[in-house]
2 protein chains.
Amino acid sequence: MENDTWVVGLDIGGTKLLAGVLNKKGDIAATAKLPTKAATGFENGRKRIVEVIRSAVAAAGMTMEKISAIGVGSPGPLDLAKGTVIETPNLKWKNAPVRGVIEDAFGKPVKIDNDVNAGTLGEFTFGAGIGAQHVIGLFVGTGLGGGVIINGKLLHGFNQNAAEFGHVIINPKGPKCGCGVKGHLEAYVAKSGIERKLRKYIQRGKDTSLASILANGKQPLKSSVIAKAYKNNDKIVVKTINRSAEYLGYAVANFLNIFNPEIVILGGGLVEAFGDMYVTRVTKVATANVFPVALRNVQIAKAQLGDNAGILGASVLAFEALG
Amino acid sequence: MENDTWVVGLDIGGTKLLAGVLNKKGDIAATAKLPTKAATGFENGRKRIVEVIRSAVAAAGMTMEKISAIGVGSPGPLDLAKGTVIETPNLKWKNAPVRGVIEDAFGKPVKIDNDVNAGTLGEFTFGAGIGAQHVIGLFVGTGLGGGVIINGKLLHGFNQNAAEFGHVIINPKGPKCGCGVKGHLEAYVAKSGIERKLRKYIQRGKDTSLASILANGKQPLKSSVIAKAYKNNDKIVVKTINRSAEYLGYAVANFLNIFNPEIVILGGGLVEAFGDMYVTRVTKVATANVFPVALRNVQIAKAQLGDNAGILGASVLAFEALG
């Protein structure tokens, strides 16, 4: 019976909207995708959100009556009480009433949380974190985001802004982050920081097979492109990626000493493009820099759900909205 | 009626044992002190623990029958399930059954937690954290310890070893910590690190009014002695203390972005010796390096309970043991 209650999980990304129709077991009946086109403003975003939800439900061969609730993962910071996006550099939406517009469009219960929390919740419920009660999710792509589960519950904090792991200082005298502060983890580990570091090498006259793509400069480097250069032993790419893994290792050591979780899950486009080699490097640095007691029976593992982590986590939010 | 239920709160420190008799309001009927003499082993420690508890109860003009429960703050790492000290550099006790020996001696419910958690719980319940539900305690003395309260509950983590804030890497290429890892917060902020830095300055031929005390080298520098040298404008002391405050500021920014608490409470011998000037410096660096949303209505404040934070927090543990 329970497996015949269906919800929509929506993952709002900087470039694409992904909606899925799921039951409580995490079965995905169907999904639908749509470019976010965030730059066109929230009124257009609202229409696209409604459209992608309708498309997913239609693709599942269902009507909206069959859908009990909708869960949403969105870039933040969010105001969870109001259900709004306060502001987000990725989407350029400001005070956008994401929850409200979905409630208005469909008249269903809606629950929203930030995208990385949704991804962490997905891995916790259906992926690498199954069975654990203390989970940290670290997702590395263009930026670096984190989610924390303590005693089976997401950590939100006083202003619902906890787990901003990309903007943790790992060296106060280090390179500038996109946000302007020096030595943030994101500046060492994520694609935005990797790209800046590669550009510095090029300025200093070093050669890399990525030089022409970087000179072109319109779009962010794809993780797969960086991984190919790494495989071809492009020296400065190897150096930069190894540094990324090294600094993520220091950060994982820190999060182990800070939260003492049961599992740290590493995911996101960059981790997936480099796979086990990257996770092994991170693990080696982390275990060398943490108290033994914070490592006892603790795992550092690769995420298992790939692109679907967000909609799977959002479906958990939807079932929470049902109470 | 409730104010006539009395418990003992015991604070086990590296140099002294402090026991108090308290009620639920945090009224302290009496206290007693005894040197820990940890180096003489746990069997002697056990006797001293029993003695200091008896002394506090006698000083309050009570008998043990009047005491309902006993709470204990102890250096860790602890095994909370077994009630043992696993190991602690400060006390040189190993697998010491602290809870068991107190239960055996008095036949009362006993609850134990680590010393910094107890201090944080004290400030949360009776001090700077009153009214807040998301609290971080940072205590700076010879070492640096932390405690975290989320939704009114202490964070323990999977192996009960969360909040090891002294051993968070703030610069992977930084100075070595006492534990051997490079760039830990403790190495920049706490007295152990300050002392090492001052010795380095002296080796490089710099002069300081603390040179003779450091050359003597038997006992750790007292915070009050360092504060006096700072006041007298001892250049390398000023530089080293300002660096301590600066790096604690970076760390506070990190903890705000990581936990998004309602209040960060700064306490411990070093903070108390330097007072508002130090807290102001920390606050300035922290607020310059954190996301505005993680600062909204958030306080960074000095601890209020001084040496009594530990026994006050331990008394809360005792009342928890009563259920």
Side-chain angles (χ1 to χ4, degrees), chain A residues 76-79 86-87 132-135 146 148 150-151 153 155-174 179 181-185 188 246-247 249-251 253-263 285 288-298, chain B residues 76-79 86-87 132-135 146 148 150-151 153 155-174 179 181-185 188 246-247 249-251 253-263 285 288-298:
Chain A
L78 307 178
D79 184 322
I86 298 174
E87 196 172 1
Q133 288 296 296
H134 301 269
V135 177
V148 179
I150 296 171
N151 289 318
K153 294 234 154 73
L155 170 70
H156 285 107
F158 178 55
N159 290 315
Q160 291 110 38
N161 202 53
E164 276 293 357
F165 291 163
H167 302 275
V168 162
I169 298 166
I170 192 75
N171 174 8
K173 316 296 176 194
C179 75
V181 171
K182 277 188 185 173
H184 277 173
L185 195 53
Y188 285 96
E246 180 190 347
Y247 275 75
Y250 297 131
N254 283 353
F255 294 135
L256 289 170
N257 275 339
I258 289 171
F259 287 104
N260 190 194
E262 200 168 343
I263 181 167
V285 175
N289 286 281
V290 71
F291 275 146
V293 63
L295 263 182
R296 219 190 276 165
N297 301 316
V298 169
Chain B
L78 307 178
D79 184 323
I86 298 174
E87 196 171 1
Q133 287 296 296
H134 301 269
V135 177
V148 179
I150 295 170
N151 289 319
K153 294 236 154 72
L155 169 69
H156 285 107
F158 178 55
N159 290 314
Q160 291 109 37
N161 201 53
E164 277 292 356
F165 290 164
H167 302 276
V168 163
I169 298 167
I170 192 75
N171 175 7
K173 316 295 178 196
C179 74
V181 172
K182 276 186 184 174
H184 277 172
L185 195 54
Y188 285 97
E246 181 190 348
Y247 275 77
Y250 297 131
N254 283 353
F255 295 133
L256 289 169
N257 275 340
I258 289 170
F259 287 103
N260 190 194
E262 201 169 343
I263 181 166
V285 175
N289 286 282
V290 72
F291 275 146
V293 63
L295 262 182
R296 216 190 277 162
N297 300 317
V298 170

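Proteins get letters first, then strands, A, B, ... in listed order; numbering begins at 1 in each.
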Are the side chains of B:Phe158 and A:Asn297 in contact, using a 4.5 Å heavy-atom criterion? yes
Does the side chain of B:Phe165 reach to within under 4.5 Å of the side chain of B:Val148, using non-hydrogen atoms? yes
Could you tell me which portion of A:Gln133 (side chain, backbone, both or neither) has an atom closer than 4.5 angstrom to a non-hydrogen atom of chain B? neither
Sort out for me which of A:Asn171, A:Ile86, A:Asn254, A:Asn289 touches chain B most, counting heavy-atom pairs under 4.5 Å. A:Asn254
Output the distance between atom CG (B:Leu256) and atom CD1 (B:Ile263), rounded to the nearest 0.5 Å. 11.0 Å
Tell me, for B:Asn151 versus chain A, whether the close heavy atoms (under 4.5 Å) come from the side chain, the backbone, both or neither. neither
Interchain contact, B:Ile258 with chain A, by part (heavy-atom threshold 4.5 Å): both
Where on B:Pro172 is there a heavy atom nearer than 4.5 Å to chain A: the side chain, the backbone, both, or neither? both
So which part of A:Ile150 gets closer than 4.5 Å to some heavy atom of chain B, the side chain, the backbone, both or neither? side chain
Would you mind checking which part of A:Ile170 comes under 4.5 Å of any heavy atom in chain B, side chain (CB onward), backbone (N, CA, C, O), both or neither? both
Between CD1 of A:Ile169 and CD1 of B:Ile169, what distance do you get to the nearest 0.5 Å? 15.0 Å
Taking the ring of B:Tyr250 and the ring of B:Tyr188, is the distance between their centroids below 6.0 Å? no
Of A:Lys153, A:His156, A:Lys182, A:Lys173, the largest count of non-hydrogen pairs under 4.5 angstrom with chain B goes to A:Lys173
